Engineer: 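Take a look at this one; I'll ask things after.
What you are looking at is a predicted structure, and each value in this text was computed from that prediction instead of being measured. Chain letters run A, B, ... following the sequence lines, proteins first, then strands; residues in each count from 1.
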Amino acid sequence: MDKTFQPTNIETRWYQEWEDKGYFAPQGGEQAYSIMIPPPNVTGSLHMGHGFQEAIMDALIRYHRMSGYNTLWQPGTDHAGIATQMVVERQLEAQGINRHDLGREKFIEQVWKWKEKSGGAITQQMRRLGASLDWSRERFTMDPGLSAAVQEVFIRLYREGLIYRGQRLVNWDPALHTAISDLEVISEEEQGHMWHFKYPLAGAQGHLIVATTRPETMLGDCAVAVHPEDERYAGLIGSTVMLPLCDREIPIIADEYVDREFGTGCVKITPAHDFNDYEMGRRHELPLINILNDDAAINDNAPESYRGLDRVEARQRVIADMDALGFLDKVVDHTLSVPRGDRSGVVIEPYLTDQWYVDAKKMATPAIAAVENGDIQFVPKQWENTYFAWMRDIQDWCISRQLWWGHRIPAWYDADGNFYVGESEEAVRKDNTLGDEIMLRQDEDVLDTWFSSALWTFSTLGWPDETEELVTFHPSSVLVTGFDIIFFWVARMIMMALHLRQEVPFHTVYIHGLVRDSEGQKMSKSKGNVIDPIDLIDGIELDELILKRTSGLMQPQLATKIEKSTRRQFPNGIASYGTDALRFTYYSLASTGRDIKFDIGRIEGYRNFCNKIWNAARYVLMNCETEDCGTQTDAPVELSLADRWIISKVQETTAEVARAVANYRFDMASQALYEFIWNEYCDWYLELSKSVLWDDNASREAKRGTRQTLIRVLEIWLRLLHPMMPFITEEIWQSVGPLAGKSGPTIMLQPYPEPNEHDIDLRANENIEWLKLVIEGVRNIRGEMNIPPGKELSVLLRKGDENDRSRLAKNSQYLRKLAKIETIEWLAKDDDVPLAATALAGELEILVPMAGLIDKDIEIARLTREISKLEADLTRLQGKLGNAAFVDKAPAAVVAKEQDKMQTQLQALTTLQEQLQRIRDI
RNA sequence: AGGGCCUUAGCUCAGUUGGUUAGAGCACCUGCAUGACAUGCAGGGGGUCGGCGGUUCGAGUCCGCCAGGCCCUACCA
């Protein structure tokens with residue numbers, strides 16, 4: 001074995017082996033446990049969020065697989081309609097063509113080519129993380145089977161009246177030429193202006209003043225609205241104004257929606273270009289005047305001079321023209337929230353089009369109930385409120401997209417605009433008895449990607465066929481995902497599964513936090529603060545990291561700033577930490593769904609932990625490999641106190657890990673393991689074992705017992721740790737397992753350790769705690785006096801009870817070894833006490849004679865510090881116990897505990913004060 | 001506008017139903033090439049738990065108000 005742990009060579013080797021041998025496939029077992037991966041974009045690449053999410057899923061999966069469940073982790077990817085189409089369109093653009101030049105069929109071919117080329121990248125990266133997905137079952141949302149499921153669902157819901165076609169105002173992305181759902185619109189505050197326009201009254205003197213943030217929309221105005229009880233305008237309701245530039249007479253209407261306090265209290269109403277105005281238009285039966293085309297340029301419904309102008313130009317022209325006519329009252333600065341497409345980044349226009357919708361309200365009712373009645377539970381629970389709030393006010397879901405990449409809508413139109421929904425043109429003709437003379441054309445649009453993702457938990461298992469997998473693994477056990485897609489995906493999966501299968505898609509939804517950079521900033525390409533998980537695993541040179549962060553920027557001028565901050569943050573690039581360290585870092589930070597600030601210091605610490613594990617195993621193997629460990633034969637063994645203690649401790653750890661995992665507290669599980677392995681097994685047990693193994697006088701049985709315990713306990717905690725650190729545990733287990741008497745090809749299919757009350761030895765725990773106290777007392781003196789660790793000490797003991805004496809008698813070999821003590825002697829009651837530094841272990845006094853070793857002033861300072869601590873504590877205790885209310889009302893056990901404590905502290909105080917006095921006196 | 005979350009050591013974070021002297025890692029200081037490990041060992045320092053008030057014998061923990069930070073939803077033209 002190498003002296004330090006080298007992750008790179010072992011990781012890929014083991015992953016290859018596991019995958020080749022088919023260990024990731026379900027292995028049978030009475031109870032099923034399944035997780036469906038949130039499908040990443042097929043052409044995407046792995047980021048820190050994926051890494052975090054997959055680390056959690058893999059820990060759950062490996063844990064349950066080892067615990068004997070029939071375990072499936074379903075892999076797959078999503079076709080990501082808009083995102084993928086955009087990428088390919090950009091590639092075409094570089095060649096100077098667009099998708100229309102190519103035509104639909106050729107374009108889709110191009111997209112498939114791109115998918116073939118880059119589609120494997122993310123799944124390869126997932127393998128680097130050690131994710132034990134059953135790749136033999138990998139699915140893609142555009143696979144024939146999943147596409148068939150999508151079509152089936154569309155037709156079924158349509159026939160049930162849950163999908164309908166309608167003309168509505170939608171969120172229109174003028175760059176991508178498609179409708180998008182509410183959720184794909186990101187509104188953020190931006191600095192803008194508010195223009196106040198005068199609209200002259202028709203057939204009378206005077207004018208009204210309306211305010212708008214989008215002046216160009218006035219070309220589509222159909223009314224001006226005031227509040228019905230607004231006295232200023234009461235007389236004008238029912239009359240008309242003359243809309244400037246258009247010379248159209250539009251009514252003044254009254255509607256309670258208008259806020260009298262805001263602006264002038266008059267609102268221009270543009271029903272075809274504003275969601276609120278649309279509703280008001282319906283209430284008042286106003287016409288809809290659409291003034292835009294698909295590019296958001298002005299169309300022929302507007303006066304001639306504006307036609308063809310882009311919306312931005314049109315705005316300037318309208319303002320200028322209104323100003324020229326004297327109708328521009330004023331312009332004020334105004335902060336407004338601007339809706340932008342989450343993919344394109346351009347301003348979204350409310351736009352009147354024909355689209356397909358899912359009637360979400362009907363489907364939401366059972367989906368709400370499923371969470372209310374606990375069939376589905378969110379972890380952490382508070383997310384249920386977010387879910388309820390959205391579901392109870394859910395809007396119909398616009399599912400059609402004006403794209404080419406995706407599942408085409410199975411609807412056909414005749415020349416008269418009638419449409420028919422069915423499996424195919426043939427089926428539609430047959431079902432509707434349409435002769436060949438009737439021309440039919442299929443709907444050009446495709447479905448929202450989330451429509452297919454919503455079916456993911458069961459479409460991947462073969463639905464609509466009632467396959468064995470479907471029966472076994474659906475509902476899935478838990479969904480692990482981020483809060484950002486609760487609405488997009490989680491809610492829609494729940495609705496679909498309940499409607500189509502009358503069962504929930506999963507029992508638990510584990511919501512994790514966002515991974516941010518070390519300053520708490522969201523990681524993003526444009527900020528240049530992205531860390532690629534693979535770079536943490538393999539390491540990356542500074543120059544390469546800078547190049548990675550600054551290439552392909554949307555705003556190239558940010559490059560210098562990004563370079564500077566990268567140089568500051570990673571002056572030496574990023575070291576190679578290995579997958580296990582990265583995973584352990586994720587777990588250690590995974591507390592109750594809060595965001596994670598990723599700190600490079602943490603991963604470094606866990607790389608060191610890996611090295612610690614490696615070397616602990618090295619020590620154990622060096623001492624066990626060619627020796628009799630009592631695991632293969634029935635040779636007699638004798639277990640020492642240390643052996644019994646560490647066996648006891650590993651049981652406690654096992655129970656703690658089980659409890660933590662059951663509560664999705666991976667931070668607690670990882671901490672329990674870290675603490676046990678480093679601070680108990682390595683720091684204490686390995687050191688204690690040396691005093692047996694290196695003792696020529698120790699019996700064969702004792703040595704055998706220690707070797708057996710060393711190897712068995714190591715083997716147990718390797719299995720405990722495996723779901724979190726799969727690679728290092730496998731590598732070590734290959735040598736350790738057989739020595740511990742285990743057989744099998746891989747640790748990943750070994751049984752997960754279960755807590756065993758029987759192995760907990762409370763007396764051994766107490767004895768070791770005593771031993772630690774005494775050793776730490778001596779070490780404290782040694783440390784504070786700067787006595788070299790190699791220097792052997794003579795130690796005197798004083799006071800103490802029978803317990804102390806018998807413990808000393810049994811354990812002096814440990815004391816000598818771990819505290820580097822040459823001689824230990826008890827002082828009799830009447831013996832003179834030599835000048836010495838003092839430590840206390842309960843009532844036992846530990847004295848290290850000062851002669852030649854100890855500086856008087858340092859000891860005085862040390863004692864004074866200890867004494868003042870005790871005094872402060874005693875004051876507090878006396879106050880507490882002197883308070884009648886406390887003694888009366890607090891539980892007797894609490895009072896007794898405080899009294900005990902006070903006794904102990906008083907005694908310690910007296911002892912130390914005496915010591916201090918003695919030293920001062922010399 | 002409504003709702004939620006967060007504020008604990010220099011930094012990143014734990015702290016179950018209120019009950020020892022509030023913990024860990026990193027960083028810091030001191031000593032150390034000891035036969036698993038310097039990616040290490042041993043010892044040490046460091047916090048009025050954001051502020052104010054309340055409930056309680058007792059509050060980091062429960063309640064209210066305030067300050068600061070983050071997020072979600074809805075959006076007033």
Side-chain angles (χ1 to χ4, degrees), chain A residues 1 3-5 187 194 210-214 217 225 257-259 261-270 274-277 334 336-337 339 380 382-383 385-386 389-390 393 483-484 486-487 514 516 518 520 575 577 581 588-589 591-602 604-623 659 663 665 667-668 671 674-675 679 682-683 686-687 690 694 776 779-790 820 869-870 872-873 876-877 880 883-891 893-895 897-898 900-901 905:
Chain A
M1 282 177 92
K3 204 173 167 184
T4 51
F5 174 55
S187 289
M194 186 136 72
V210 298
T212 181
T213 54
R214 296 189 297 153
T217 61
Y257 162 78
V258 179
D259 179 357
E261 311 299 319
F262 190 90
T264 57
C266 298
V267 192
K268 61 187 270 315
I269 303 300
T270 323
D274 181 283
F275 290 100
N276 288 312
D277 294 3
H334 184 65
L336 70 163
S337 74
Q382 75 221 28
W383 289 110
N385 294 329
T386 308
W390 189 69
D393 187 34
F483 60 83
D484 48 336
I486 290 178
F487 309 140
L514 222 63
R516 299 169 175 279
S518 60
Y577 297 108
S588 72
L589 295 168
S591 63
T592 57
R594 66 185 257 171
D595 286 358
I596 286 185
K597 278 198 225 175
F598 194 85
D599 177 25
I600 207 88
R602 291 297 283 252
E604 194 176 332
Y606 294 122
R607 186 221 21 208
N608 296 352
F609 181 46
C610 289
N611 193 51
K612 190 75 184 175
I613 291 167
W614 186 255
N615 276 287
R618 219 156 67 90
Y619 167 81
V620 174
L621 289 170
M622 282 166 76
N623 282 287
R659 195 166 45 238
N663 292 312
R665 291 298 304 268
D667 58 326
M668 287 179 159
Q671 210 196 330
Y674 184 98
E675 158 85 15
N679 302 37
C682 292
D683 284 351
L686 293 189
E687 295 307 318
K690 289 173 185 173
W694 297 355
E776 280 162 353
R779 283 179 178 172
N780 177 280
I781 292 169
R782 191 192 283 279
E784 297 236 3
M785 301 298 163
N786 280 342
I787 301 170
K820 274 273 180 195
K869 267 192 211 164
L870 281 172
D873 203 33
R876 201 184 50 82
L877 281 167
K880 208 168 179 180
N883 181 352
F886 171 72
V887 180
D888 288 348
K889 295 191 179 174
V894 173
V895 178
K897 212 160 137 190
E898 298 289 304
D900 265 9
K901 205 185 321 170
Q905 306 276 51

Engineer: Can you name the nearest heavy-atom pair linking A/Ala616 to A/Cys682, along with the distance?
Structural biologist: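 Result for this residue pair: CB-SG, 3.7 Å.
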Engineer: Go through it in stages, so that I can follow the logic: the residues are A/Lys3 and A/Arg618, the test is side-chain contact (heavy atoms from CB on, under 4.5 Å), and I'd like the CA-CA distance, side-chain angles, deciding distance and then a yes or no.
Structural biologist: CA-CA 8 Å; A/Lys3 204 173 167 184; A/Arg618 219 156 67 90; 3.4 Å; yes
Engineer: Using a 4.0 Å cut-off on protein heavy atoms (strictly under), produce a 5'-to-3' string for nucleotides 27-38 of chain B with B for base contact, S for backbone-only sugar-phosphate contact, and - for none.
Structural biologist: ---SSS--BBBS
Engineer: For B/G45 versus B/G23, give the span between their P atoms, rounded off to a whole number of Å.
Structural biologist: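 One P to the other, the span is 12 Å.
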Engineer: CH2 of A/Trp383 versus P of B/C6: gap in Å, rounded?
Structural biologist: 11 Å
Engineer: Counting side-chain heavy atoms from C-beta on, which of B/A77, B/G43, B/G15 comes nearest to A/Asp259?
Structural biologist: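 Closest nucleotide to the A/Asp259 side chain: B/A77.
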Engineer: Kindly indicate whether the side chain of A/Phe483, heavy atoms from C-beta on, has any atom under 4.5 Å from the side chain of A/Thr386.
Structural biologist: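 Result no, sub-4.5 Å side-chain heavy-atom pair not found.
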Engineer: Using the side-chain contact (heavy atoms from CB on, under 4.5 Å) rule, take A/Leu336 and A/Met194 through it: C-alpha gap first, then chi angles, then the decisive distance, then the call.
Structural biologist: CA-CA 9 Å; A/Leu336 70 163; A/Met194 186 136 72; over 6 Å; no
Engineer: What is the separation between atom CD1 on A/Ile486 and atom C1' on B/C71, rounded to the nearest whole Å?
Structural biologist: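 Going from CD1 in A/Ile486 over to C1' in B/C71 covers 12 Å.
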Engineer: In whole angstrom, give me the gap between the P atoms of B/U16 and B/U55.
Structural biologist: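 Taking atom P in both B/U16 and B/U55, they lie 24 Å apart.
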Engineer: Under 4.0 Å between any heavy atoms, over every strand shown, what does A/Phe487 touch: base, sugar-phosphate, or nothing? Just pick one.
Structural biologist: sugar-phosphate
Engineer: Given the rule that a pair is Watson-Crick or G-U wobble with both distances under 3.5 Å, how would you write RNA chain B in dot-bracket, using | for pairs to a different strand?
Structural biologist: (((((((..((((.....[...)))).(((((.......))))).....(((((..]....))))))))))))....
Engineer: Counting any heavy atom closer than 4.0 Å, what does A/Thr212 reach on the DNA or RNA strands: base, sugar-phosphate only, or nothing?
Structural biologist: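 Counting heavy atoms under 4.0 Å across all strands, the contact made by A/Thr212 is with sugar-phosphate only.
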Engineer: Got a donor-acceptor pair under 3.5 Å from the side chain of A/Thr386 to the base of B/C72?
Structural biologist: no
Engineer: Is there side-chain contact between A/Asp259 and A/Val267, with at least one heavy-atom pair below 4.5 Å?
Structural biologist: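 No, too far: nothing below the 4.5 Å cut-off.
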Engineer: Quick one: salt bridge (Lys or Arg N to Asp or Glu O under 4.0 Å) partners of A/Glu687, sequence neighbours excluded?
Structural biologist: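 With neighbours one apart ignored, the set is A/Lys690.
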Engineer: Before you tell me yes or no, could you show the steps for A/Val895 and A/Phe886 under side-chain contact (heavy atoms from CB on, under 4.5 Å), namely the whole-Å CA-CA distance, both residues' side-chain angles and the distance that decides it to 0.1 Å?
Structural biologist: CA-CA 8 Å; A/Val895 178; A/Phe886 171 72; 4.1 Å; yes
Engineer: Would a 4.5 Å heavy-atom cut-off, applied to side chains only, mark A/Arg214 and A/Thr270 as touching?
Structural biologist: no
Engineer: Distance check, P atoms only: B/A27 and B/G40, in whole angstrom units.
Structural biologist: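 That atom pair is separated by 9 Å.
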Engineer: Of all the nucleotides listed (B/G45, B/A77, B/C57), which has the minimum atom distance to the side chain of A/Lys869?
Structural biologist: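 So the side chain of A/Lys869 is nearest to B/G45.
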Engineer: For A/Ser187, report the nucleic acid contact type (base, sugar-phosphate, nothing); a contact means any heavy atom under 4.0 Å.
Structural biologist: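 A/Ser187: base contact, heavy atoms under 4.0 Å.
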Engineer: Tell me every residue that passes ring-ring contact (aromatic ring centres under 6.0 Å, His included) with A/Tyr619, counting only those two or more places apart in sequence or in another chain.
Structural biologist: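 Counting only residues at least two positions away or on another chain, A/Tyr619 forms no ring-ring contact (aromatic ring centres under 6.0 Å, His included).
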Engineer: For B/G19 versus B/C72, give the span between their C1' atoms, rounded off to a whole number of Å.
Structural biologist: 38 Å
Engineer: Provide, to the nearest angstrom, the distance between the CG atom belonging to A/Asp484 and the C1' atom belonging to B/C70.
Structural biologist: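 Value for this atom pair: 15 Å.
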Engineer: Tell me every residue that passes salt bridge (Lys or Arg N to Asp or Glu O under 4.0 Å) with A/Lys612, counting only those two or more places apart in sequence or in another chain.
Structural biologist: none
Engineer: Got a list of protein N/O to nucleotides 9-12 of chain B N/O distances below 3.5 Å?
Structural biologist:
{"from": "B/U12", "atom 1": "OP1", "to": "A/Lys597", "atom 2": "NZ", "distance (Å)": "3.1"}
{"from": "B/U12", "atom 1": "O2", "to": "A/Arg602", "atom 2": "NH1", "distance (Å)": "2.9"}

Engineer: Atom CZ of A/Arg607 to atom C1' of B/G40: distance rounded to whole Å?
Structural biologist: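 From A/Arg607 CZ to B/G40 C1': 12 Å.
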Engineer: Could you work out, with salt bridge (Lys or Arg N to Asp or Glu O under 4.0 Å) as the rule, every residue matching A/Lys880, not counting sequence neighbours?
Structural biologist: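 A/Glu898.
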Engineer: Mind checking ring-ring contact (aromatic ring centres under 6.0 Å, His included) for A/Tyr577 and listing every partner two or more places apart, or none if nothing turns up?
Structural biologist: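 Listed in chain order: nothing, the list is empty.
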Engineer: After noting the C-alpha distance and the side-chain angles of A/Arg607 and A/Asn611, does the key distance pass the side-chain contact (heavy atoms from CB on, under 4.5 Å) rule?
Structural biologist: CA-CA 6 Å; A/Arg607 186 221 21 208; A/Asn611 193 51; over 6 Å; no
Engineer: Take atom CD of A/Glu675 and atom P of B/G25, then tell me their distance rounded to the nearest Å.
Structural biologist: 8 Å
Engineer: Atom CG of A/Asp595 and atom P of B/C6: how far apart are they, to the nearest Å?
Structural biologist: 12 Å
Engineer: Between A/Met194 and A/Arg665, which has a closest nucleotide on RNA chain B that is more 5'?
Structural biologist: A/Arg665
Engineer: I'd like to check the salt bridge (Lys or Arg N to Asp or Glu O under 4.0 Å) partners of A/Glu776; sequence neighbours left out, ordered by chain and number.
Structural biologist: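 Scan of A/Glu776 (salt bridge (Lys or Arg N to Asp or Glu O under 4.0 Å), adjacent residues dropped) gives none.
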Engineer: Return the value, rounded to whole Å, for the distance between atom CD of A/Gln382 and atom P of B/C5.
Structural biologist: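 To the nearest whole Å, that distance equals 6 Å.
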Engineer: Give the rounded distance in Å between these two atoms: CZ of A/Arg214 and P of B/A77.
Structural biologist: 10 Å
Engineer: For A/Tyr606, check ring-ring contact (aromatic ring centres under 6.0 Å, His included) against everything at least two apart and list the hits.
Structural biologist: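 In terms of ring-ring contact (aromatic ring centres under 6.0 Å, His included), with neighbours along the sequence ignored, A/Tyr606 is linked to A/Phe584, A/Tyr674.
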Engineer: Quick test: give all pairs of protein nitrogen or oxygen and nucleotides 47-50 of chain B nitrogen or oxygen below 3.5 Å, distance rounded to 0.1 Å.
Structural biologist:
none

Engineer: Tell me whether the OP1 or OP2 atom of B/G44 has a side-chain N or O from A/Asn780 closer than 4.0 Å.
Structural biologist: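 So the side-chain polar atoms of A/Asn780 do come within 4.0 Å of the phosphate oxygens OP1 or OP2 of B/G44, strictly under.
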Engineer: Nearest to the side chain of A/Asn608 - B/G45, B/G43, B/U39?
Structural biologist: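 Ranking B/G45, B/G43, B/U39 by closest atom to the A/Asn608 side chain puts B/U39 first.
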Engineer: Just to verify, what does A/Gln382 make a side chain to side chain contact (heavy atoms under 4.5 Å, CB included) with, not counting sequence neighbours?
Structural biologist: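 Only A/Pro380 meet the side chain to side chain contact (heavy atoms under 4.5 Å, CB included) criterion with A/Gln382.
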Engineer: Could you pick out which residue, A/Asn883 or A/Phe262, lies toward the 5' side of RNA chain B when each is mapped onto its nearest nucleotide?
Structural biologist: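 Closest to the 5' end, via its nearest nucleotide, is A/Asn883.
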